[in-house]
Amino acid sequence: MINRRKFIALSAFSSAAALFTKKLPATGNVNVFNKGPIVVSTWDTGIEANKGAWKILSEGGRALDAVEAGVMVTEASQNCCVGLGANPDRDGFVTLDACIMDEFFNCGSVAFLERIKHPVSVARRVMEKTPHVMLVGSGAQLFAVAEGFPLEEQKLSPEAQKAYDNWLKQSEYKPVINIERTGNHGPSAPSKLESGEWNHDTIGMVAMDGKGNLSGSCTTSGMGFKMRGRLGDSPIIGAGLFVDNEVGACTSTGQGEDVIRIAGSHTVVELMRQGLSPEAACKKAVQRIVKIKGEKAKEIQVAFLALNKKGEAGAFAINKGFSYAIKSGTMEKLVPANSLF
Ligand code: ASP
């Protein structure tokens, strides 16, 4: 996790520059006027995840398969902030949440799932093999095992172990999420980041395939050092992810409680339905959160990432530091999103 932050703070977009294949605006809205497939995902880990999705999209595959395969790359990485190696809850257990949604409003979700490597795939099985949308906790785990998913041993990544050890020194319960080193977060920020007090642990992905169909996925270990049983927005359809194949798709990252409060991803899709561009829709949703939270909004991060039916992508965050990865037939790029502060 610390490495990833350093990546964002230090090397930031120099490596992304090497990935340029088309001149684009430095920040904000990205217009993709080609009719071909496109995939976007949150944070710098999205670059690798998009490659996983692209293997499917570039061969004419379905967006649903692409968004599952894409975030599986991050879930399997074992060295960052998603999947079994990620930040544990405050009792030391990694609990995972994920969801997936296709172009027909089919959706599946798992939450508070332990010892399963690919929660997004279990979410897909919930969608395809049960009459339900959500399974949680031991029930989700039982279902996963019955579906043939192996029960893994929990093994924190070295970064997660270090962050947890640091956090344990004070064990102060201050759930604040997702402020980046590059953000506007006051003088004590670097030490807070190193102590693991500020963190983000999610990948959200939305894609459009060659047929113009949309799907999305979202997977997370949730807020680091959270209360046992705490859920954020990520596995909640309408909050962490929403897809309406007539309009567009959206996913979110950041402090999940504040995304849930405004049904964030659904709100963004509805704003796009009213004619707003993806970035403008994301901005409006962010403004709604800021209106609710007032000055306190400067202390948290929430970001939305959206894709519309025309293949235009855009994002917006409360604070600086959020970036998203985009891949299409003509570009591969990490885009720093615009923010309110
Ligand atoms: N949104 C996630 C949650 O609240 C965390 C994140 O985006 O890092 O669980």
Side-chain angles (χ1 to χ4, degrees), residues 1-2 4-5 8 41-46 49 71 74-75 77 80-83 85-90 93-99 109-113 119-120 123 134 136 159-160 163 173-181 183 185 193 196-206 216-242 250-268 282 285-286 289 293 297 299-305 315-319 321-325 337 339:
M1 181 173 60
I2 299 297
R4 183 159 63 126
R5 291 197 178 105
I8 293 175
S41 54
T42 57
W43 304 108
D44 51 311
T45 44
V71 302
T74 322
E75 286 180 341
S77 64
C80 72
C81 308
V82 173
N87 279 337
D89 64 18
R90 66 182 183 180
F93 299 103
V94 176
T95 67
L96 302 173
D97 312 324
C99 70
S109 163
V110 287
F112 195 50
L113 178 62
V120 72
M134 255 184 130
V136 305
E159 290 121 320
Y173 195 60
K174 262 198 192 171
V176 180
I177 209 162
N178 252 351
I179 305 270
E180 288 294 329
R181 197 182 283 278
H185 41 59
L193 281 168
E197 189 177 325
W198 282 335
N199 54 79
H200 55 77
D201 302 86
T202 300
I203 181 161
M205 174 179 280
V206 289
S217 61
C218 189
T219 182
T220 188
S221 59
M223 183 181 271
F225 328 124
K226 62 197 172 187
M227 280 176 73
R228 191 150 172 77
R230 177 265 180 194
L231 291 185
D233 57 323
S234 304
I236 299 178
I237 298 295
L241 177 71
F242 195 69
C250 178
T251 188
S252 63
T253 185
Q255 189 146 299
E257 285 75 3
D258 295 304
V259 177
I260 294 170
R261 255 181 260 291
I262 65 151
S265 290
H266 179 262
T267 294
V268 170
C282 293
V286 160
I289 293 173
K293 297 210 72 97
E299 296 296 318
I300 61 156
Q301 179 65 300
V302 168
F304 294 105
L305 168 61
F316 206 84
I318 296 180
N319 283 292
F322 173 65
S323 55
Y324 65 98
S339 60

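Each ligand, and each atom within it, is numbered from 1 in the order the structure gives. Just so it is clear, the model here is predicted, and its values are computed rather than measured.
For ligand 1, one of its N or O atoms has an N or O atom of D233 under 3.5 Å away. An N or O contact shorter than 3.5 Å links T253 to ligand 1 by distance. For ligand 1, none of its N or O atoms has an N or O atom of S252 under 3.5 Å away. Considering backbone and side-chain atoms together, G256 places an N or O closer than 3.5 Å to an N or O of ligand 1. Considering backbone and side-chain N/O atoms, Q255 never comes within less than 3.5 Å of an N/O atom of ligand 1.
For K226, the heavy-atom gap to ligand 1 stays at 4.0 angstrom or more.
Between the side chain of T42 and the backbone N or O of G204, at least one donor-acceptor pair lies under 3.5 Å. Remark: the backbone N or O of V82 is not paired with any side-chain donor or acceptor of S221 at under 3.5 angstrom. No side-chain donor-acceptor contact under 3.5 Å links E75 to the backbone of T219. Distance alone, capped at 3.5 Å, places no donor-acceptor pair between the Q301 side chain and the G254 backbone.
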Passes side-chain contact (heavy atoms from CB on, under 4.5 Å), K226 versus T95? Steps please.
CA-CA 10 Å; K226 62 197 172 187; T95 67; 2.9 Å; yes

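Each of the atoms 1 (N), 2 (C), 3 (C), 4 (O), 5 (C), 6 (C), 7 (O) of ligand 1 lies under 4.0 Å from some heavy atom of G254. Short contacts between ligand 1 and G222, defined as distances under 4.0 Å to a heavy atom of the residue, involve ligand atoms 9 (O). When each atom of ligand 1 is checked for a heavy atom of S234 under 4.0 Å away, the hits are 1 (N), 2 (C). Every atom of ligand 1 with a heavy atom of M223 under 4.0 Å away is listed here by number and element: 9 (O).
We find that E299 and K293 are not joined by a salt bridge, their nearest charged nitrogen and carboxylate oxygen being 4.0 Å or further apart.
At least one side-chain heavy atom of T202 sits less than 4.5 Å from a side-chain heavy atom of C218.
Residue-level proximity to ligand 1 for Q301 is absent, since no heavy atom of it falls below 4.0 angstrom.
Remark: R228 engages D89, E114 in a side chain to side chain donor-acceptor pair (under 3.5 Å) (not counting sequence neighbours).
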